[in-house]
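These numbers come from the heavy atoms of this one structure, side chains and all, not from hydrogens, waters or symmetry mates. In what follows, chains are A, B, ... by sequence order, proteins preceding strands, each numbered from 1.
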There are 2 protein chains.
Amino acid sequence: MPKIEHCRLVELPKAYLLMNHGPVVLISSAHGGRRNVMAAAWTMPLDFSPAKVAVVVDRNSYTRELMEASGEFVLSLPPKAMAGKVLAVGSHSGREGDKFVAFGINTVPAEKVSAPLIAGCVAWLECRIVPEARNQESYDLFIGEVVAAWADERVFRDGRWHFAEEELRTIHYLSGGSFLVSGSAFEVSPT
Amino acid sequence: MPKIEHCRLVELPKAYLLMNHGPVVLISSAHGGRRNVMAAAWTMPLDFSPAKVAVVVDRNSYTRELMEASGEFVLSLPPKAMAGKVLAVGSHSGREGDKFVAFGINTVPAEKVSAPLIAGCVAWLECRIVPEARNQESYDLFIGEVVAAWADERVFRDGRWHFAEEELRTIHYLSGGSFLVSGSAFEVSPT
């Protein structure tokens with residue numbers, strides 16, 4: 001279990017529920033003593049079991065270099081309280097300097113992969129890349145098998161999001177410095 | 001211009017902005033006098049220009065059959081007011097009967113593809129499939145080039161979402177009959 005307060009296991013066949021609503025994510029990576037973190041809006045669940053995700057990572061990014069070298073990455077879901085850091089890591093390259101240090105981003109070791117979990121986030125998906133050279137080269141598209149998943153029990157438990165406090169809600173990227181906060185849940189019947 | 005009130009052109013390099021925040025979509029398809037509509041949460045932007053999207057469509061679905069036969073599809077973004085219909089079309093197969101008729105879903109001809117736009121939605125992306133047999137067969141993953149994009153000017157104009165009235169907000173799928181409404185926008189500075 002990662003050493004993060006309120007962190008609880010999410011069963012792998014339920015990992016897609018963390019991503020179904022389209023939140024922005026932080027992608028962390030590590031290889032050979034180097035590490036990085038970037039922001040990504042272009043990501044989605046791809047399969048239930050084995051759980052998979054798809055994510056777009058630009059070919060010129062430092063994250064891409066570390067992902068391809070290590071074959072691993074972690075998706076961490078930042079809450080509203082971290083939006084400024086999301087924008088910051090999305091606006092700079094790790095080649096300019098260590099973004100964890102520059103922006104005060106703390107990490108916790110993952111359980112199954114070398115890339116770290118981002119502290120302060122509310123859910124985490126540890127992923128191993130399913131190599132698909134054509135997708136990676138033609139579309140900057142990566143497929144990851146989720147090998148471990150975790151969530152902050154204050155906002156995700158029993159396979160469902162339970163958002164209350166504004167600062168702990170997940171966020172959705174628009175453009176520039178603009179985000180949407182995940183809004184109210186509602187239930188409908190088919191009509 | 002599609003015959004939908006408030007419908008305005010979205011320039012193709014800005015089409016990704018319609019999808020950046022991860023809303024649920026309706027996928028419509030048509031071929032040889034047959035048509036269908038389904039709901040999908042697993043979709044994301046894939047490129048800016050030419051604009052592309054990625055979407056997961058189950059191999060057993062009727063939509064899949066029509067998409068592969070026609071090489072086309074349309075993504076329509078339903079507002080909260082349509083959530084019941086989203087759940088309904090997501091809970092039944094078009095092989096059981098025409099879902100447009102069964103659930104009172106109106107359509108408008110698209111400009112560049114045979115699949116229809118769904119009336120009552122707030123944005124539309126007309127797409128041609130970029131054939132990628134391995135993705136389609138191994139991952140149920142389709143890549144579409146966006147060949148036309150439209151949005152309801154009441155909620156999307158000048159390249160930005162401007163949500164106000166609750167019933168016109170886009171929605172995000174959780175599970176079962178549960179959705180989140182797109183919440184408040186906020187701006188941050190990198191910190």
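Crowding of E167(A) atom CD: a count of heavy atoms from other residues, nucleotides or ligands under 6.0 Å exceeding 12. When the shell of 6.0 Å around CD of E5(B) is examined, it contains 12 or fewer heavy atoms from other residues, nucleotides or ligands. Enclosure of atom CD in E11(A) is not indicated, since only 12 or fewer non-hydrogen atoms of other residues, nucleotides or ligands lie within 6.0 angstrom.
Comment: R128(A) does not engage E145(A) in a salt bridge, judged by the lack of any side-chain N to carboxylate O separation of less than 4.0 angstrom. A salt bridge between R160(A) and E187(A) is present, with a side-chain N of the basic residue lying under 4.0 Å from a carboxylate O of the acidic one. With salt bridges taken as basic N to acidic carboxylate O contacts below 4.0 Å, none links R154(A) and E165(A).
Contact of A102(B) with chain A is not made at all, since no heavy-atom distance falls under 4.5 Å. At a 4.5 Å heavy-atom cutoff, the contact between R134(B) and chain A is made by side-chain atoms alone. Heavy-atom distances place the side chain of V130(A), and not its backbone, under 4.5 Å from chain B. Interface remark: W161(B) contributes side-chain atoms only to the contact with chain A (heavy atom separation under 4.5 Å). Both the backbone and the side chain of S178(B) come within less than 4.5 Å of a heavy atom in chain A.
Between chain B and the options L46(A), D140(A), D47(A), V56(A), the largest number of non-hydrogen pairs under 4.5 Å is found for L46(A). The residue among L17(A), V24(A), N135(A) with the most heavy atom pairs within less than 4.5 Å of chain B is N135(A). Each of A41(A), A83(A), A88(A), S184(A) has some count of heavy-atom pairs under 4.5 Å with chain B, and the biggest count is that of S184(A). Counting heavy-atom pairs closer than 4.5 Å to chain A, the top residue among S175(B), S91(B), G176(B), S189(B) is S189(B). Ranked by heavy-atom pairs shorter than 4.5 Å toward chain A, the options G183(B), G90(B), P45(B), G22(B) are led by P45(B). Of all the listed residues (H172(A), E166(A), H92(A)), the one sharing the greatest number of non-hydrogen pairs under 4.5 Å with chain B is H172(A). Counting heavy-atom pairs closer than 4.5 Å to chain A, the top-ranked of the candidates M82(B), K52(B), K80(B) is K80(B). Note: L87(B) leads L174(B), T43(B), I143(B), L87(B) in heavy-atom pairs under 4.5 Å with chain A.
In this structure, the side chain of R64(A) does not engage the main chain of N60(A) through any donor-acceptor pair within 3.5 Å.
The two residues A39(A) and V89(A) have their closest heavy-atom pair at N-CG2, 4.0 Å.
Residues H21(A) and T170(A) bring a donor and an acceptor atom of their side chains to less than 3.5 Å of each other.
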